[in-house]
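Heads up: numbering here begins at 1 and tracks the sequence. Atom set for the values below is all heavy atoms of this structure, side chains included, hydrogens, waters and symmetry mates excluded. Fair warning: this is a prediction, and the values are worked out from it, not measured in the lab.
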Amino acid sequence: MNTILGIELGSTRIKAVTIDQRHQPVASGGYTWAAAYENGIWTYPLELAWTGLKAALSEIPDRADIAAAGLSGMMHGYLAFDKDWNLLTPFRTWQNTITGPAAAELTALFGYNIPQRWTAAHLYQAVLNQEEHIGRIAHVTSLAGYLHYRLTGVNAVGLGEASGMFPVDSGTLDYDQTMMEKFEALLAPLGLPWKPSDVLPKALPAGREAGRLTAEGAALLDGLLPEGLPFAPPEGDAGTGMTATNAVAVRTGNVSAGTSIFSMVVLERPLTKVYEEIDLVTTPAGRPVAMVHGNNCTNDTNAWVRVLEETANLFGAHPSTGELYTKLYEKSLEGDADCGGVLVCNYMAGEGVTHLDSGRPLVARLPDCRFTLANFFRSQLYATMATLRIGMEILAAEDVAIDSMTAHGGLFKTPLVGQTYMAAVCGAPVTCMATAGEGGPFGMALLAAFMLWGTPDEPLEDYLAHRVFAGVSGTTVAPDPAVAAGVDAYVRQYRALLEVERAAVAAL
């Protein structure tokens, strides 16, 4: 019994990773899936989650050696169940921007930003819509929380995930009681047969055991894991990203960039006011975090890469996917610092930071621009980060101190390119660690290791700093003044491009 298992159901991959007693990845397995847009809702069938989970686990060797496990998933969203855990409405993912009225009303009520993708916003919007299922609600949870319950019989989530379902009090390490009372008073006149405090899962800090794999849970996995295996509190991909990048201590931060993009900065003091563009969440241990979240990151770039691949194929060239991305990323470094007048809006879906409920990917250029492959692809990469930059400017104006930023995700697979641009976007050195390539499931495995091997008085940040990441190699890129000036100029034009995007959403 000498390995720890971490599982994450991300937006494009379901992945399992095992680590050894030195906290080094030793094996991984995966399964590819994708969201479906059905009846105006971004969703995934839960049956496919089980298929993918078993497929990923089946690729892990020596499963009998696993001593503990943890499960994570794409952040919060909305999964509502009746008393027998029957799903009442299709899973509504973080990608949906359909809860504007509820989010705005709760933000005003709490004096605390409630983003559209949060579970509380989805729950209240369903009430405002008078949806048929609301009278039968008995449980509301996240994807990770649901799967964890089915495997262990424990209805709980980790603090990081909980803080994206409903505001969490970092002092009590639980849902904020004052805000919960306000929410329940708001709902009381409606005569609903439930209260939010009754239907939300229990919030548990990192380090606690959150149940063990039951006989029923083991059967759901076709016996791929042994009954009795201890599980850590299930987390969202934001919490596992912080953990995987050693960014849970005050004044540290991380950036995760793949299907979506988000930065997390652990705060040393509260922000001076409420910002709709900034989410206030917590680390898995409960420390307050400022989060800038963009729904759109690499999906539009991926579509363009496929078109360029088709073009290459016409001439008999068949580069591998990895080679294609590497060449295009590296080519972007030859472009002008401001992309030479080539602009891209990469919105496939709506975007909360810039207040758009849907997206229309655009390429725009001035007649006298320098329209080269290098400038076009550099603009593609800048666009993946532009919305993040708009949120980071708010944190800069708040004088939020950031000593270091660590990056992980597909945007950083080509060495130095994404890091160079991101350092300019964040105005801070950006580090990529060798272990960060495993991403969220690696972070979840570390949280399960902390549960099993941490000592009672050992904070999560100390465990990671001294026992996991001490001596771990990485590459750090500081902001380049020329690149930073180019990013500044690009983002100014990008703000203007958003007016074109609004018109496109209205017209198309």
Side-chain angles (χ1 to χ4, degrees), residues 257 261 277 292 294-312 314 324-394 396 411 414 416-427 479-508:
I261 186 168
E277 299 86 357
V292 180
N295 284 346
N296 301 277
C297 188
T298 59
N299 274 347
D300 187 42
T301 302
N302 295 341
W304 278 103
V305 170
R306 288 192 293 270
V307 169
L308 294 171
E309 181 180 25
E310 284 187 51
T311 306
L314 283 174
L324 194 60
Y325 275 93
T326 297
K327 292 289 188 184
L328 289 168
Y329 271 59
E330 291 175 345
K331 185 68 177 178
S332 75
L333 293 172
E334 300 174 16
D336 297 322
D338 64 354
C339 303
V342 182
L343 294 168
V344 171
C345 183
N346 65 330
Y347 289 2
M348 304 282 283
E351 194 59 79
V353 170
T354 52
H355 312 292
L356 278 152
D357 289 335
S358 57
R360 303 290 184 271
L362 297 174
V363 177
R365 56 193 176 98
L366 301 175
D368 61 347
C369 77
R370 283 173 35 81
F371 190 48
T372 64
L373 177 61
N375 277 335
F376 170 68
F377 210 79
R378 188 166 181 138
S379 183
Q380 280 286 336
L381 296 179
Y382 276 17
T384 65
M385 308 175 191
T387 301
L388 180 78
R389 167 57 179 263
I390 291 170
M392 293 300 290
E393 288 176 355
I394 295 172
L411 196 64
T414 300
L416 301 178
V417 180
Q419 272 180 278
T420 297
Y421 302 153
M422 188 59 74
V425 164
C426 294
D480 180 297
V483 177
V487 167
D488 289 346
Y490 184 89
V491 172
R492 283 195 297 272
Q493 290 183 304
Y494 186 87
R495 289 179 182 273
L497 180 65
L498 289 175
E499 296 306 313
V500 181
E501 174 73 1
R502 294 182 206 284
V505 169
L508 299 177

Results of side-chain contact (heavy atoms from CB on, under 4.5 Å) for Asp488 - residues two or more places apart only: Arg389, Arg492

Can you measure from [atom1] ([X]) to [atom2] ([Y]) and round to the nearest 0.5 angstrom?
X	Y	atom1	atom2	result
Glu499	Cys345	CD	SG	11.0 Å
Met392	Met422	CE	CE	9.0 Å
Arg365	Phe376	CZ	CZ	10.5 Å
Leu411	Leu381	CG	CG	6.0 Å

Taking all non-hydrogen atoms of both residues into account, name the closest pair between [X] and [Y] and its distance.
X	Y	result
Ala482	Ala337	O-CB, 3.7 Å
Gly391	Val353	N-CG1, 4.4 Å
Leu497	Ala364	CD1-CB, 3.8 Å
Pro479	Ala423	CG-O, 3.5 Å
Gly350	Asn295	O-ND2, 3.0 Å
Asn299	Met348	CB-CG, 3.9 Å

[X] versus [Y]: any side-chain heavy-atom pair under 4.5 Å?
X	Y	result
Lys327	Leu308	no
Val363	Trp304	yes
Tyr421	Val483	yes
Ile261	Thr387	no
Glu393	Val491	yes
Cys369	Asn375	no
Thr372	Phe377	no

Show your reasoning for whether side chain to side chain contact (heavy atoms under 4.5 Å, CB included) applies to Gln380 and Leu328. CA-CA 10 Å; Gln380 280 286 336; Leu328 289 168; over 6 Å; no

Glu334/Lys331 salt bridge by N-O under 4.0 Å criterion: yes

Just by distance, do the side chain of [X] and the backbone of [Y] share a donor-acceptor pair under 3.5 Å?
X	Y	answer
Arg370	Asp336	no
Thr298	Thr301	no
Glu351	Asn296	yes
Tyr490	Ser379	yes
Glu277	Thr354	no
Asn346	Cys297	yes

Determine whether Arg495 and Ile390 satisfy the following criterion, side chain to side chain contact (heavy atoms under 4.5 Å, CB included), listing intermediate values before the conclusion. CA-CA 9 Å; Arg495 289 179 182 273; Ile390 291 170; 3.9 Å; yes

Evaluate the side chain to side chain contact (heavy atoms under 4.5 Å, CB included) criterion for residues Val344 and Thr384: first the C-alpha distance (whole Å), next the side-chain angles of each, then the deciding distance (0.1 Å), finally the verdict. CA-CA 9 Å; Val344 171; Thr384 65; over 6 Å; no

Apply side chain to side chain donor-acceptor pair (under 3.5 Å) to Tyr329 and list each qualifying residue two or more places apart in sequence or on a separate chain. none

Hey, mind stepping through Tyr382 and Tyr494 against side chain to side chain contact (heavy atoms under 4.5 Å, CB included) and telling me if it holds? CA-CA 10 Å; Tyr382 276 17; Tyr494 186 87; over 6 Å; no

